[in-house]
Amino acid sequence: MADPKGFLTTDREVARTRPVGERVQDWNEVYVPGSLLPIISKQAGRCMDCGIPFCHSGCPLGNLIPEWNDYAYRGDWTAASERLHATNNFPEFTGRLCPAPCESACVLGINQPAVTIKNVEVTIIDKAWDSGDVTPQPPERLSGKTVAVIGSGPAGLAAAQQLTRAGHTVVVYERADRIGGLLRYGIPEFKMEKVHINRRIEQMRAEGTKFRTETEIGRDIDAAKLRRRYDAVVIAAGSTTSRDLPVPGRGLNGIHQAMEYLPLSNKVQEGDFVSPPITAEGKHVVVIGGGDTGADCVGTAHRQGAASVTQLEIMGKPGDERAENQPWPTFPMLYKVTSAHEEGGERIYSVSTTHFEGDEDGNVQSLHLIEVEFKDGKLEQQPGTERTIRAQLVTLAMGFTGTDQQNGLVEQFGLTLDARGNVARDDDYATNVDGVYVAGDAGRGQSLIVWAIAEGRSAARGVDRFLTGVSELPAPIRPTDRSLTV
């Protein structure tokens with residue numbers, strides 16, 4: 001145990017963010033560089049080393065949290081990094097982007113603020129990179145087997161790294177011009193600077209993983225031909241079909257899916273554009289959808305100089321405390337103020353968009369909404385609550401409905417889909433097509449980055465066993481496992 005009295009003597013303290021007026025002028029990460037290091041050892045000392053660490057249940061990766069908390073408290077950063085990497089290929093991603101279900105399941109969280117697990121994690125991995133503890137781990141021998149991985153998001157990268165280290169020759173195919181999937185083009189720079197992706201890609205290249213960008217399986221390469229070319233295939237193409245809003249006026253100019261809007265700002269940071277083709281500059285912006293993607297749109301609009309930003313959510317405003325029907329250690333629905341929300345804008349709950357109006361040139365100018373209420377499990381509009389708000393740029397951030405079925409991948413492979421439009425798989429992550437596996441959102445549906453990495457690691461075990469008959473690779477979750485909820 002780190003500090004036997006740490007949870008009694010030390011209050012929870014998290015990373016400090018830079019002043020709003022400063023950070024909205026740039027695209028750097030919002031946190032004060034180096035602000036965690038002076039406090040993180042004491043924060044790690046708050047971990048109680050529980051007899052039954054429920055944080056393990058909250059985390060699908062099964063991260064060895066009490067162990068690396070202890071090492072961090074003692075200042076043994078090399079050992080902490082080793083234990084962190086034992087279960088997680090990319091802790092710098094999860095340490096920045098995961099909503100930390102491990103903290104919701106922290107035993108200390110029963111009656112005190114939980115341990116800052118996520119902050120400890122990101123400190124360990126950042127120190128590991130700075131000290132040179134993160135090095136390539138090429139296989140000692142090659143198996144002679146080849147694997148194609150479709151998609152370079154967290155699931156695809158995790159599967160590829162595991163299979164490469166197992167000795168297989170792995171090629172990752174990505175339809176975008178750069179590797180990273182939604183990590184690259186769906187996550188704004190102010191949440192995770194892309195240097196963290198770039199150096200992982202270089203590590204993977206040094207280990208032997210090969211990458212092919214601007215290659216979409218189904219369009220550029222026939223999926224059936226790809227299957228014949230490789231001994232096995234892992235589909236990690238994500239859940240990329242955005243949920244739409246079929247209301248009058250949807251076709252007006254200035255209404256875009258979040259994944260049409262967000263990547264353009266990332267491309268500006270990559271040097272592809274001087275300014276984004278779709279910008280919030282000087283406009284009244286409305287973001288429809290109250291989740292993390294919506295918050296990303298809010299923060300992006302602030303940095304582009306929006307005249308105003310309004311975020312709409314169809315559900316009611318969550319409470320500040322756990323509801324009785326969301327007891328510890330489940331992941332509760334709580335009112336969350338992200339860094340983007342700290343920067344300004346208005347959030348409106350329990351409303352639904354009825355239609356849009358535009359000007360004579362077909363550009364959206366306003367949005368009509370109405371208050372809604374859930375009664376008997378149904379959404380009911382409340383007459384007399386209609387109103388209009390200005391809207392010159394609208395982003396739809398309402399989630400995703402399944403993997404892409406328009407590019408030919410599903411049809412060409414002959415894949416079976418489940419009732420929700422995801423690629424069906426068995427307990428080994430195998431699809432109905434021999435030698436073809438699926439990991440991440442393409443099989444699970446829209447989920448969290450930590451689940452994607454866990455699925456990539458688990459699918460890699462299934463592929464390794466298919467290719468060699470046995471596997472020593474870990475499989476942290478089953479395809480049927482779900483978040484710790486009621």
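Everything quoted here is computed from the prediction, not taken from an experiment.
Listed by first and then second residue, the ring-ring contact (aromatic ring centres under 6.0 Å, His included) pairs that reach into residues 302-328 are F54-W328, sequence neighbours excluded. Identified under the salt bridge (charged side-chain N to carboxylate O under 4.0 Å, His left out) test for residues 447-457, with sequence neighbours left out: R425-E455, R444-E455.
Closest of all the heavy-atom pairs between A15 and Y31 is CB-CD2, 3.6 Å. Nearest heavy-atom pair, V394 versus A391, reported as atom, atom and distance to 0.1 Å: CG2-CB, 3.8 Å. Across all their heavy atoms, A258 and P263 have their closest contact at O-CD, 3.9 Å. Closest approach of G289 to E313, counting heavy atoms only: C-OE1, 4.1 Å. Closest approach of S152 and G181 over heavy atoms only: OG-N, 3.4 Å. Closest non-hydrogen pair, P60 versus P476, comes out as O-CB, 3.5 Å.
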Checklist entry - Given the rule in the salt bridge (charged side-chain N to carboxylate O under 4.0 Å, His left out) test, do D26 and R303 qualify, once you have shown the distances and angles that lead to the verdict? => result CA-CA 7 Å; D26 61 47; R303 283 158 180 77; 5.5 Å; no
Item to check | Working for side chain to side chain donor-acceptor pair (under 3.5 Å), residues Q269 and E193 | outcome: CA-CA 10 Å; Q269 306 311 309; E193 295 173 14; over 6 Å; no
Checklist entry - Taking it one step at a time, do D426 and R478 satisfy salt bridge (charged side-chain N to carboxylate O under 4.0 Å, His left out)? => result CA-CA 9 Å; D426 65 16; R478 298 165 297 180; over 6 Å; no
Checklist entry - After noting the C-alpha distance and the side-chain angles of T213 and D177, does the key distance pass the side chain to side chain contact (heavy atoms under 4.5 Å, CB included) rule? => result CA-CA 5 Å; T213 56; D177 59 345; 5.6 Å; no
Checklist entry - Between E342 and T17, does a side chain to side chain contact (heavy atoms under 4.5 Å, CB included) hold up when you go through it step by step? => result CA-CA 10 Å; E342 292 174 351; T17 54; 4.0 Å; yes
Item to check | Audit row: S458, Y429, side chain to side chain contact (heavy atoms under 4.5 Å, CB included) steps and yes/no | outcome: CA-CA 8 Å; S458 300; Y429 292 81; 3.4 Å; yes
Next on the checklist: Before you tell me yes or no, could you show the steps for D272 and R178 under salt bridge (charged side-chain N to carboxylate O under 4.0 Å, His left out), namely the whole-Å CA-CA distance, both residues' side-chain angles and the distance that decides it to 0.1 Å?
Outcome noted: CA-CA 12 Å; D272 296 346; R178 293 180 177 88; 2.8 Å; yes
Next on the checklist: Applying salt bridge (charged side-chain N to carboxylate O under 4.0 Å, His left out) to R23 and E343, what does each step give before you reach the verdict?
Outcome noted: CA-CA 9 Å; R23 70 187 193 231; E343 295 159 4; 2.8 Å; yes
Checklist entry - Where do R175 and E214 land on the side chain to side chain contact (heavy atoms under 4.5 Å, CB included) test, with the steps shown first? => result CA-CA 4 Å; R175 62 182 176 182; E214 297 182 284; over 6 Å; no
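Counting only heavy atoms from C-beta outward, the side chains of V30 and K191 never approach each other to under 4.5 Å. At a threshold of 4.5 Å between non-hydrogen side-chain atoms, the residues T279 and F273 do not count as touching. No side-chain heavy atom of M315 sits less than 4.5 Å from a side-chain heavy atom of S350. Looking at heavy atoms from C-beta onward, F413 lies in side-chain contact with I235 at the 4.5 angstrom threshold. Inter-residue side-chain proximity for N266 and K194 is flagged as met; some heavy-atom pair is nearer than 4.5 Å. Counting only heavy atoms from C-beta outward, the side chains of L157 and F90 approach each other to under 4.5 Å. Between D244 and L396 the shortest side-chain heavy-atom distance falls below 4.5 Å. In this structure, M204 and F211 have side chains that are in contact, with non-hydrogen atoms separated by less than 4.5 Å.
How far SG of C47 is from CG of N69: 4.5 Å, rounded to the nearest 0.5 Å. To the nearest 0.5 Å, the span separating NE2 on H256 from CG on L264 amounts to 9.0 Å. L252 contributes atom CG, which lies 11.0 Å from atom CG of D361 (distance to the nearest 0.5 angstrom). For the atom pair CD1 of I65 and CD1 of I117, the computed distance is 4.5 Å after rounding to the nearest 0.5 Å. Annotation: the span from H341 atom NE2 to R347 atom CZ amounts to 3.5 Å, rounded to 0.5 Å. Here the OG1-CD1 distance, from T209 to I179, works out to 10.5 Å after rounding to the nearest 0.5 Å.
Under a 3.5 Å cut-off, the side chain of N119 and the backbone N or O of E13 do not form any donor-acceptor pair. When atom types are taken as modelled, the side chain of T241 and the backbone of G402 share a donor-acceptor pair closer than 3.5 angstrom. Panel note: side chain Q43, backbone T116; no donor-acceptor pair is recorded below 3.5 Å. Put simply, the side chain of Q365 never gets that close to the backbone of R390: no donor and acceptor are under 3.5 Å apart. In this structure a side-chain-to-backbone donor-acceptor pair under 3.5 Å is missing from T353 to H355. Side-chain atoms of E189 never come within 3.5 Å of backbone atoms of W27 as a donor-acceptor pair (strictly under, hydrogens ignored). Q304 contributes no side-chain N or O that, together with a main-chain N or O of A306, makes up a donor-acceptor pair within less than 3.5 Å. Counting only distance, with no hydrogens or angles, the side chain of R322 and the backbone of T330 share a donor-acceptor pair below 3.5 Å. With hydrogens and angles ignored, the 3.5 Å screen pairs a side-chain donor or acceptor of D220 with a backbone N or O of E216. A donor-acceptor pair is defined here as one N or O able to donate and one able to accept, closer than 3.5 Å; no such pair exists between the side chain of D296 and the backbone of P188.
Of the residues L84, I453, L448, the one that meets the side-chain contact (heavy atoms from CB on, under 4.5 Å) test with T94 is I453.
Salt bridge absent: E270 and K267 never bring a charged side-chain N and a carboxylate O closer than 4.0 Å. Salt bridge annotation for E92-R200: present, with a cationic side-chain nitrogen under 4.0 angstrom from a carboxylate oxygen. The pair R12-E103 meets the salt-bridge criterion, since a charged nitrogen lies less than 4.0 angstrom from a carboxylate oxygen. Ionic pairing of R18 and E29 is not present here: no N-O contact between side-chain nitrogen and carboxylate oxygen is shorter than 4.0 angstrom.
Residues Q446 and D441 have side chains that never bring a donor and an acceptor to within less than 3.5 angstrom of each other.
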Side chains of residues 367-384: which donor-acceptor partners sit under 3.5 Å, not counting sequence neighbours?
| unit_1 | atom_1 | unit_2 | atom_2 | d |
| --- | --- | --- | --- | --- |
| H368 | ND1 | T388 | OG1 | 3.1 |
| H368 | NE2 | E357 | OE2 | 2.5 |
| Q382 | NE2 | E380 | O | 3.1 |

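The environment of CD in E411 is sparse: at most 12 heavy-atom neighbours from other residues, nucleotides or ligands sit within 6.0 Å. For R243, the CZ atom is densely surrounded, since the number of other residues' heavy atoms within 6.0 Å is greater than 12. Heavy-atom neighbours of M259 CE from other residues, nucleotides or ligands within 6.0 Å: above the threshold of 12. Around the CZ atom of R199, the shell of radius 6.0 Å holds more than 12 heavy atoms that belong to other residues, nucleotides or ligands.
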